[in-house]
Protein chains: 2
Amino acid sequence: MSQTTSSPYDEPMPHSAPLDRTATISDVARLAGVSVPTVSRVLTGAARVSEDRRRRVDKAIAALGYRPSAAAQVLASGRSTTIAILAANTSRYGYAEAIRGVEESARAAGFAVIIVVVESERDDEVRAAADAVLRQSVAGVVVLKFDPPGVAALKALQSAIPAVALSGVPEAGVPQAVLDESEAAAALTEHLLSLGHSTVHHVRIPPSGKEDGRTTGWRLALQRHGIPTPPIEDVSWDVSTAHEIGVRLASDPAVTAIFCGNDETAMGVIRGIHDTGLNVPDDISVVGFDDHPLAPMFIPALTTARQDFAELGRHGTAQLLALLKGESPLALETVEPPLVFRESTALPSSRRR
Amino acid sequence: MSQTTSSPYDEPMPHSAPLDRTATISDVARLAGVSVPTVSRVLTGAARVSEDRRRRVDKAIAALGYRPSAAAQVLASGRSTTIAILAANTSRYGYAEAIRGVEESARAAGFAVIIVVVESERDDEVRAAADAVLRQSVAGVVVLKFDPPGVAALKALQSAIPAVALSGVPEAGVPQAVLDESEAAAALTEHLLSLGHSTVHHVRIPPSGKEDGRTTGWRLALQRHGIPTPPIEDVSWDVSTAHEIGVRLASDPAVTAIFCGNDETAMGVIRGIHDTGLNVPDDISVVGFDDHPLAPMFIPALTTARQDFAELGRHGTAQLLALLKGESPLALETVEPPLVFRESTALPSSRRR
DNA sequence: TTGAAAGCGCTAACAG
DNA sequence: CTGTTAGCGCTTTCAA
């Protein structure tokens, strides 16, 4: 009665649901008047089948509306045509775009996609996510290593399965596709400096580790100019925290230029500044990061660095598929985000300082 | 040699990838000194297992890092713990949020999620998507019936599998969760009218069928007031088309109030108006729809109707899971989006008309 | 409670 | 080129 152990399998199973029975390969074989392996051969194209039989099989398949069972195929062949996306989030801009890119190219290659999310870096969540991936007999996994949960999940996978990471910071070890953020962040910061601002404040989005490329680039640019780094402001993913920080920063006359971790944050910060009666860029310059679709529509339109997350996702999938085919070494492709200058930056105001 | 038939299975298979072999149920059984079915029993909880053996099995599972193969389980049991999300898009705001809601609640119920996208309503694409769903042995599917591809895909499924639709317009036939948009759209339109605008123009986003709830509501409100409906402007999902329309509408002095199909469109339209030198809301009032996270940050902050897509997704999943358990009839839950009034609407300007 | 035997739908040798 | 025979990892009878 009483249970002294506590493996996850002591828990009740989820309510699984019965599958509607549909035509099987033997139904097709019977109708076509051939053996089951012959049907399999036309399915996989693994071996030659006579024109005549192939036609009969195709006809039977069409007649029965037959679709091979992916589960049975993976079991019998030991090969899978499904990949997993492991991510901490599915709906935020960069994440959603990266997922779109992965899904798109996976589908083009004939792979199905399962999505598993790991919400936090808590040990049980990370383990559950890794388990979910492993249980599904996927060929490989693309992990969005944008944040601590992503990093932890990647580690939990322990290369038990082919994996590639999508990331903003190059890093040795795992195959990955990276969008090199740090140079672009530095360039954005220097743009602000070159306008005449004596320093640049930074609003940091939740980082992937101790520091992400955006923050690193900002710090780097400041260092290059011998400017001490002002205290960092941290925002959550909730834009309203960016708004609060905007209000706070606006009250500090030393603040004339702000580098935000992403465009949504920049919009929140600008709105906060706006609400104190100050103007962007006349009083304070603000830059974002990502080139969000709404960045050019915002008033003022955002100066930012363009990140092509979907492309990152496509690269990652390509890497994974190459890895699966045994091709290597994989070129670690690094893309540098192009800067786009719009309306949210200007010379420092004489009204401040 | 030459092929005269052309079933999809004449095409080459995707490169499938070999799976790393891991511990199987027999490994566990052997290590625990029990039979395979006994291990299965502790896994599924289907039958009683003695305390002693259960403990040994648990220990063996832990020692081997064993994870049951979902593919083998589904094959043997004929029951699945995976559901599919069928959507035309994964990254756009409403879609991404709905997907998040579905994934979240599916995960909470112990279900894995596969995502299949159907990009257009082209017959081959729709069929491919339906096939992908059916091949995966999923327990059921949640389809985002937000647009023509979604509608077509749902139809292609032919109730070959338990399905629930997520939608903005109630409709008989399929189980569904709906966010009733038409009343909110009407209310938003009437808000504009009550401010003194003599008519309200409409910028329509790509609709799910001949007409979506937003457009219907707008039309309804105008009719109630005996106002003829002005010509509709259609935008694509690309915000720049909204911008163009904003510019165009601004040049028409008859336009003093605009109801946009969603907030992103509203932002594009406002920016277009702004670029002609006119002001929102002083010269023209604009309302959006959805209450996008950036809507309160935009300058001017958007008057809009809040849509909780994630909640819609959760409702849908709940419906599907209930359906799978054979519970019914399902309450068709309809949520009416609450209006939120902000800065983008005002009295009509004396400068126009 | 437990194990032996059968089988889910499919692919992989292996003869022929 | 084609059919026969095994067997993928698991669950499900069925006896014991």
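Letters A, B, ... mirror the listed sequences (proteins, then strands); counts begin at 1.
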Does the side chain of A:Gln73 get closer than 4.0 angstrom to OP1 or OP2 of C:dT11 through an N or O atom? yes
Hey, does the side chain of B:Ser69 come within less than 4.0 Å of D:dG9's phosphate (OP1/OP2), counting only N and O? no
Would you tell me if any nitrogen or oxygen in the side chain of B:Arg48 comes within less than 4.0 Å of OP1 or OP2 on C:dT2? no
Can you check whether B:Gly33's main-chain N or O pairs, donor with acceptor, with B:Arg56's side chain at less than 3.5 Å? yes
State the CG-CG distance between B:Leu144 and B:Leu166, to the nearest 0.5 angstrom. 5.5 Å
For DNA chain C, whose closest nucleotide is more 5', that of B:Val36 or that of B:Ser77? B:Val36
I need the CG-C1' distance between B:Leu43 and D:dT12, as an integer number of Å. 14 Å
Residue-phosphate contact under 4.0 Å: A:Ser40 side-chain N/O, C:dT11 OP1/OP2: yes
Taking only side-chain N and O atoms of A:Arg79, does any of them lie within less than 4.0 angstrom of OP1 or OP2 on D:dC8? no
Measuring to OP1 and OP2 of C:dG3, would you say a side-chain N or O of B:Thr38 lies under 4.0 angstrom away? yes
note: B:Gln136, atom CD; C:dG9, atom P; distance rounded to Å ~ 16 Å
Side chain of B:Ile25 - closest among D:dC10, C:dC10, C:dT11: D:dC10
Any donor-acceptor N/O pair under 3.5 Å between D:dG3 base and A:Arg41 side chain: yes
Interatomic distance, A:Leu75 CG vs C:dA12 P [rounded to whole Å]: 12 Å
Mind calculating the distance between CG (A:Leu134) and C1' (D:dG9) to the nearest angstrom? 15 Å
If each of B:Ala76 and B:Pro37 is mapped to the nucleotide of DNA chain C with the nearest heavy atom, which maps nearer the 5' terminus, i.e. the 5' end? B:Pro37
Test side-chain contact (heavy atoms from CB on, under 4.5 Å) applied to B:Ser77 - qualifying residues, sequence neighbours left out: B:Arg79
OP1 or OP2 of D:dG9 under 4.0 Å from side-chain N/O of B:Thr24: no
Flag the pair B:Asp27 and B:Arg30 as a salt bridge only when some basic side-chain nitrogen lies within less than 4.0 angstrom of an acidic carboxylate oxygen. yes
Which pair of non-hydrogen atoms, one from A:Ser80 and one from A:Ser137, has the smallest distance, and what is that distance? OG-O, 2.8 Å
Can you measure A:Ile61 atom CD1 to C:dG9 atom C1' for me and round it to whole angstrom units? 14 Å
Could you state the CZ-C1' distance from A:Arg53 to D:dG3, rounded to the nearest angstrom? 9 Å
Measure the distance from CZ on B:Arg30 to C1' on D:dG9 and round it to the nearest whole Å. 13 Å
Report yes if a side-chain nitrogen or oxygen of B:Ser50 is closer than 4.0 Å to either non-bridging phosphate oxygen (OP1 or OP2) of C:dT2; otherwise report no. yes
